[in-house]
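Here is the structure we will look at, set down as C-alpha coordinates.
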Amino acid sequence: MATRVTGISSMATRQILAELTGAYEKKTGHSVAIESVGGVDAAKRVRAGEAFDVVVLADDAMKQLEADGFLKAGSRVGFARSAMAVAIRAKAERPDLSSEASLKTAVLAARSIGYSTGPSGNHLLNLLKKWNIDQAIAERLVKAPPGIPVGTLVARGEAELGFQQLSEFLDVPGIEIAGPLPAEVQSVTLFACAVCAKAANEAGARDLINYLASAEADAPKRRQGMEPA
(Lines give C-alpha, C1' and ligand atoms only; values in the text may rest on other atoms or scores of the structure.)
Protein backbone atom coordinates (compact mmCIF):
# COMPACT_ATOMS: atom_id res chain seq x y z
CA MET A 1 0.00 0.00 0.00
CA ALA A 2 1.36 3.42 -0.98
CA THR A 3 2.10 5.76 1.89
CA ARG A 4 3.06 9.41 2.31
CA VAL A 5 6.25 10.62 4.00
CA THR A 6 6.56 14.22 5.14
CA GLY A 7 9.73 16.07 6.05
CA ILE A 8 11.54 19.34 6.60
CA SER A 9 15.04 20.31 5.50
CA SER A 10 17.35 23.28 5.16
CA MET A 11 17.61 25.06 1.81
CA ALA A 12 21.09 23.63 1.24
CA THR A 13 19.67 20.18 0.48
CA ARG A 14 16.56 21.33 -1.38
CA GLN A 15 17.73 20.43 -4.89
CA ILE A 16 19.27 17.06 -4.10
CA LEU A 17 16.27 16.03 -2.00
CA ALA A 18 13.92 16.99 -4.83
CA GLU A 19 15.87 14.76 -7.22
CA LEU A 20 16.24 11.84 -4.83
CA THR A 21 12.68 11.85 -3.51
CA GLY A 22 11.40 11.98 -7.07
CA ALA A 23 13.42 8.87 -7.88
CA TYR A 24 12.25 7.23 -4.66
CA GLU A 25 8.61 7.91 -5.50
CA LYS A 26 9.01 6.30 -8.93
CA LYS A 27 10.77 3.31 -7.40
CA THR A 28 8.36 2.66 -4.53
CA GLY A 29 5.07 4.30 -5.40
CA HIS A 30 5.11 6.17 -2.10
CA SER A 31 4.72 9.96 -2.04
CA VAL A 32 7.18 12.29 -0.35
CA ALA A 33 6.64 15.93 0.63
CA ILE A 34 9.69 17.67 2.09
CA GLU A 35 9.50 21.39 2.85
CA SER A 36 12.82 23.25 2.53
CA VAL A 37 13.30 26.39 4.62
CA GLY A 38 16.14 28.16 6.39
CA GLY A 39 17.97 25.70 8.62
CA VAL A 40 17.52 27.81 11.75
CA ASP A 41 13.77 28.05 11.09
CA ALA A 42 13.53 24.33 10.38
CA ALA A 43 15.08 23.44 13.73
CA LYS A 44 12.78 25.91 15.51
CA ARG A 45 9.72 24.33 13.92
CA VAL A 46 10.79 20.84 14.96
CA ARG A 47 11.37 22.10 18.50
CA ALA A 48 7.97 23.79 18.46
CA GLY A 49 6.37 20.39 18.01
CA GLU A 50 5.46 20.36 14.32
CA ALA A 51 5.02 16.77 13.21
CA PHE A 52 7.26 15.58 10.38
CA ASP A 53 8.37 12.09 9.49
CA VAL A 54 11.90 13.00 8.35
CA VAL A 55 14.26 15.84 9.29
CA VAL A 56 17.33 16.75 7.18
CA LEU A 57 19.65 19.41 8.59
CA ALA A 58 23.31 20.12 9.33
CA ASP A 59 24.60 17.40 11.63
CA ASP A 60 25.47 19.78 14.48
CA ALA A 61 21.84 20.88 14.67
CA MET A 62 20.66 17.29 14.33
CA LYS A 63 22.84 16.10 17.21
CA GLN A 64 21.27 18.71 19.47
CA LEU A 65 17.74 17.87 18.33
CA GLU A 66 18.43 14.19 19.01
CA ALA A 67 19.93 14.92 22.43
CA ASP A 68 16.89 17.01 23.34
CA GLY A 69 14.46 14.27 22.32
CA PHE A 70 13.06 15.77 19.11
CA LEU A 71 14.42 12.94 16.93
CA LYS A 72 14.04 9.18 17.35
CA ALA A 73 17.14 8.08 19.28
CA GLY A 74 19.65 6.29 17.06
CA SER A 75 17.90 7.15 13.79
CA ARG A 76 20.35 9.89 12.72
CA VAL A 77 22.55 8.96 9.73
CA GLY A 78 24.90 10.93 7.52
CA PHE A 79 23.36 12.16 4.28
CA ALA A 80 25.85 14.33 2.36
CA ARG A 81 28.88 16.57 2.74
CA SER A 82 28.81 20.05 1.24
CA ALA A 83 31.83 22.29 0.70
CA MET A 84 31.71 26.09 0.49
CA ALA A 85 32.18 28.14 -2.65
CA VAL A 86 32.25 31.77 -3.75
CA ALA A 87 29.82 33.15 -6.33
CA ILE A 88 30.01 36.27 -8.49
CA ARG A 89 27.55 37.91 -10.84
CA ALA A 90 27.59 36.45 -14.36
CA LYS A 91 30.45 37.87 -16.47
CA ALA A 92 31.98 39.71 -13.50
CA GLU A 93 35.75 39.59 -12.99
CA ARG A 94 36.79 36.46 -11.14
CA PRO A 95 38.64 36.94 -7.85
CA ASP A 96 41.81 35.01 -7.06
CA LEU A 97 40.81 32.20 -4.69
CA SER A 98 44.05 30.24 -4.87
CA SER A 99 45.11 30.83 -1.27
CA GLU A 100 43.89 32.11 2.07
CA ALA A 101 45.82 35.35 1.51
CA SER A 102 44.28 35.95 -1.93
CA LEU A 103 40.80 35.21 -0.58
CA LYS A 104 41.30 37.77 2.17
CA THR A 105 42.45 40.30 -0.44
CA ALA A 106 39.34 39.61 -2.53
CA VAL A 107 37.08 40.09 0.49
CA LEU A 108 38.75 43.38 1.40
CA ALA A 109 38.35 44.61 -2.18
CA ALA A 110 34.68 43.65 -2.49
CA ARG A 111 32.07 46.39 -2.21
CA SER A 112 29.57 43.97 -0.67
CA ILE A 113 29.69 40.40 0.65
CA GLY A 114 26.67 38.12 0.87
CA TYR A 115 26.39 35.31 3.40
CA SER A 116 23.75 33.06 4.91
CA THR A 117 22.31 32.38 8.35
CA GLY A 118 23.54 28.77 8.26
CA PRO A 119 26.86 26.99 8.82
CA SER A 120 28.52 28.64 5.81
CA GLY A 121 27.66 32.09 7.14
CA ASN A 122 29.05 31.25 10.56
CA HIS A 123 32.25 30.03 8.95
CA LEU A 124 32.67 33.25 6.96
CA LEU A 125 32.12 35.40 10.06
CA ASN A 126 34.72 33.35 11.94
CA LEU A 127 37.18 33.82 9.08
CA LEU A 128 36.68 37.59 9.17
CA LYS A 129 37.41 37.59 12.90
CA LYS A 130 40.48 35.41 12.35
CA TRP A 131 41.76 37.92 9.80
CA ASN A 132 40.91 40.86 12.13
CA ILE A 133 38.85 42.56 9.43
CA ASP A 134 35.36 41.89 10.80
CA GLN A 135 34.90 45.45 12.06
CA ALA A 136 36.47 47.05 8.99
CA ILE A 137 34.02 45.45 6.57
CA ALA A 138 30.97 45.08 8.82
CA GLU A 139 28.97 47.64 6.84
CA ARG A 140 29.61 45.72 3.61
CA LEU A 141 28.14 42.45 4.86
CA VAL A 142 24.73 41.49 3.47
CA LYS A 143 22.92 38.67 5.28
CA ALA A 144 20.46 36.71 3.17
CA PRO A 145 17.07 36.32 4.88
CA PRO A 146 16.29 32.75 5.99
CA GLY A 147 15.31 30.65 2.99
CA ILE A 148 16.75 33.09 0.42
CA PRO A 149 19.83 31.77 -1.42
CA VAL A 150 22.91 33.99 -1.25
CA GLY A 151 23.17 33.55 -5.02
CA THR A 152 19.98 35.55 -5.42
CA LEU A 153 21.67 38.54 -3.74
CA VAL A 154 24.63 38.14 -6.07
CA ALA A 155 22.42 37.92 -9.17
CA ARG A 156 20.59 41.12 -8.15
CA GLY A 157 23.86 42.97 -7.66
CA GLU A 158 23.25 43.34 -3.93
CA ALA A 159 26.40 41.33 -3.12
CA GLU A 160 29.59 41.41 -5.18
CA LEU A 161 30.83 38.19 -3.59
CA GLY A 162 28.59 35.47 -2.21
CA PHE A 163 29.64 32.77 0.26
CA GLN A 164 27.57 29.62 0.69
CA GLN A 165 27.61 25.89 0.08
CA LEU A 166 28.38 25.00 -3.53
CA SER A 167 25.11 23.06 -3.84
CA GLU A 168 23.10 26.22 -3.17
CA PHE A 169 24.67 28.08 -6.10
CA LEU A 170 24.14 25.48 -8.81
CA ASP A 171 20.56 26.35 -9.81
CA VAL A 172 20.68 30.14 -9.40
CA PRO A 173 20.48 32.07 -12.70
CA GLY A 174 22.59 35.15 -13.28
CA ILE A 175 25.66 34.05 -11.31
CA GLU A 176 28.91 32.18 -11.84
CA ILE A 177 30.83 30.08 -9.34
CA ALA A 178 34.23 31.70 -8.90
CA GLY A 179 35.52 28.58 -7.20
CA PRO A 180 35.67 26.72 -3.89
CA LEU A 181 37.27 28.20 -0.83
CA PRO A 182 41.02 27.51 -0.62
CA ALA A 183 41.76 24.20 1.05
CA GLU A 184 43.34 25.80 4.12
CA VAL A 185 40.11 27.63 5.00
CA GLN A 186 37.53 25.33 3.43
CA SER A 187 34.56 24.29 5.54
CA VAL A 188 32.62 21.13 4.77
CA THR A 189 29.18 20.78 6.34
CA LEU A 190 27.87 17.31 7.08
CA PHE A 191 24.12 17.02 6.59
CA ALA A 192 22.24 14.23 8.33
CA CYS A 193 18.74 12.80 8.22
CA ALA A 194 16.70 11.24 11.01
CA VAL A 195 13.22 10.20 12.01
CA CYS A 196 11.29 12.93 13.79
CA ALA A 197 10.14 12.01 17.29
CA LYS A 198 6.59 12.92 16.25
CA ALA A 199 6.67 10.91 13.01
CA ALA A 200 3.26 9.66 11.94
CA ASN A 201 4.86 7.29 9.41
CA GLU A 202 7.99 5.98 11.11
CA ALA A 203 8.32 2.94 8.86
CA GLY A 204 8.09 5.11 5.75
CA ALA A 205 10.59 7.56 7.20
CA ARG A 206 13.12 4.83 7.90
CA ASP A 207 12.69 3.37 4.41
CA LEU A 208 13.24 6.78 2.79
CA ILE A 209 16.30 7.45 4.95
CA ASN A 210 17.77 4.09 3.93
CA TYR A 211 17.38 5.13 0.31
CA LEU A 212 18.85 8.62 0.86
CA ALA A 213 21.93 7.08 2.50
CA SER A 214 22.34 4.27 -0.06
CA ALA A 215 24.97 3.95 -2.78
CA GLU A 216 22.19 4.50 -5.32
CA ALA A 217 22.03 8.13 -4.17
CA ASP A 218 25.78 8.81 -4.52
CA ALA A 219 25.85 9.92 -8.17
CA PRO A 220 22.94 12.37 -7.81
CA LYS A 221 24.60 13.92 -4.76
CA ARG A 222 27.76 14.55 -6.75
CA ARG A 223 25.75 16.09 -9.60
CA GLN A 224 24.30 18.51 -7.07
CA GLY A 225 27.69 19.63 -5.78
CA MET A 226 27.83 17.38 -2.73
CA GLU A 227 29.69 14.27 -1.69
CA PRO A 228 28.15 11.19 -0.08
CA ALA A 229 28.49 11.15 3.70
Side-chain angles (χ1 to χ4, degrees), residues 8-18 34-45 56-58 60-61 80 82-182 185-189 191 223-226:
I8 192 165
S9 80
S10 62
M11 292 297 290
T13 54
R14 176 175 55 89
Q15 287 295 108
I16 184 56
L17 285 174
I34 296 182
E35 182 182 357
S36 295
V37 299
V40 174
D41 286 345
K44 284 181 180 177
R45 288 173 60 180
V56 185
L57 294 171
D60 286 350
S82 182
M84 281 181 65
V86 180
I88 56 174
R89 202 171 189 182
K91 299 182 180 178
E93 183 177 352
R94 287 177 176 264
D96 179 0
L97 304 177
S98 61
S99 68
E100 180 177 0
S102 66
L103 175 64
K104 178 181 176 181
T105 298
V107 168
L108 284 169
R111 293 183 298 275
S112 51
I113 300 130
Y115 71 105
S116 77
T117 57
S120 61
N122 291 336
H123 182 63
L124 174 65
L125 295 178
N126 287 333
L127 273 181
L128 301 181
K129 290 178 183 177
K130 174 188 174 186
W131 295 335
N132 293 315
I133 63 172
D134 51 316
Q135 297 300 318
I137 68 167
E139 294 183 353
R140 288 184 266 160
L141 295 177
V142 184
K143 182 195 288 189
I148 302 298
V150 172
T152 301
L153 303 181
V154 176
R156 292 174 184 162
E158 296 172 20
E160 185 176 346
L161 296 181
F163 288 77
Q164 202 162 22
Q165 272 116 14
L166 171 63
S167 60
E168 298 210 53
F169 288 138
L170 295 183
D171 65 333
V172 181
I175 68 171
E176 295 176 6
I177 297 167
L181 264 60
V185 292
Q186 178 60 272
S187 174
V188 178
T189 299
F191 289 93
R223 279 199 303 273
Q224 296 290 348
M226 294 185 165

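Atoms considered below: every heavy atom in the structure, side chains included; atoms not considered: hydrogens, waters and symmetry mates.
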Going from CG on L17 to OG on S36, what distance comes out if it is rounded to the nearest 0.5 angstrom?
6.0 Å

If you compare all heavy atoms of L127 against all heavy atoms of V185, which two are closest, and at what distance to 0.1 Å?
CD2-CG1, 3.7 Å

Got a donor-acceptor contact below 3.5 angstrom from the E176 side chain to the K91 backbone?
yes

Of the non-hydrogen atoms in S98 and D96, which two are nearest, and what is the gap between them?
OG-OD1, 2.7 Å

Identify which one of V188, L181, T189 satisfies the side-chain contact (heavy atoms from CB on, under 4.5 Å) criterion when paired with H123.
L181

Does a side-chain heavy-atom distance below 4.5 Å link I113 with L124?
yes

For the CZ atom of R223 and the CD1 atom of I16, what is their distance to the nearest 0.5 Å?
7.0 Å

Could you tell me which residues satisfy side-chain hydrogen bond (donor to acceptor under 3.5 Å, both in side chains) with S99, sequence neighbours excluded, listed by chain and number?
S102

Evaluation steps, side chain to side chain contact (heavy atoms under 4.5 Å, CB included), between L141 and L125
CA-CA 10 Å; L141 295 177; L125 295 178; 4.0 Å; yes

Treating R14 as the side-chain partner and S9 as the backbone partner, does any N or O pair qualify as donor plus acceptor under 3.5 Å?
no

Separation between CH2 of W131 and CG of N126, rounded to the nearest 0.5 Å
11.5 Å

Backbone N or O of I175 within a donor-acceptor pair of the R89 side chain at under 3.5 Å?
no

With sequence neighbours left out, the residues meeting side-chain hydrogen bond (donor to acceptor under 3.5 Å, both in side chains) with R156 are none

Given side chains that start at C-beta, do those of V107 and F163 come closer than 4.5 Å, heavy atoms only?
yes

May I ask you to decide if A12's main-chain N or O and Q165's side chain share a donor-acceptor pair within less than 3.5 Å?
no

Heavy atoms only: give me the nearest A85-I177 pair and the separation to one decimal.
CB-CG2, 4.1 Å

Hey, does L161 have a side-chain heavy atom less than 4.5 Å from the side chain of P95?
yes

Side chains of Y115 and V142 in contact at under 4.5 Å (non-hydrogen atoms):
no

Short question: side chain of Q15, backbone of E168 - any donor-acceptor pair under 3.5 Å?
no

Close side-chain approach of V150 and F169, heavy atoms under 4.5 Å
yes

Minimum heavy-atom separation for S10 and L57, please, with both atom names.
N-CD2, 3.6 Å

Hey, are the side chains of T13 and M226 touching, using non-hydrogen atoms and a 4.5 Å cut-off?
yes

Between S112 (side chain only) and E160 (backbone N and O only), is there a donor and an acceptor less than 3.5 Å apart?
yes

Closest approach of P180 and Q186, non-hydrogen atoms and distance?
CB-NE2, 3.9 Å

Please round to the nearest 0.5 Å and tell me the distance separating atom CZ of R111 and atom CD of E158.
13.5 Å

Any side-chain heavy atom of K130 sitting closer than 4.5 Å to one from E100?
yes

Heavy-atom closest contact (L103 atom, P182 atom, distance)
CD2-CD, 3.8 Å

Are I137 and L108 packed together at the side-chain level, in the sense that at least one heavy-atom pair is separated by less than 4.5 angstrom?
yes

How many angstroms lie between CD in Q164 and OG in S120, if you round to the nearest 0.5 Å?
5.0 Å

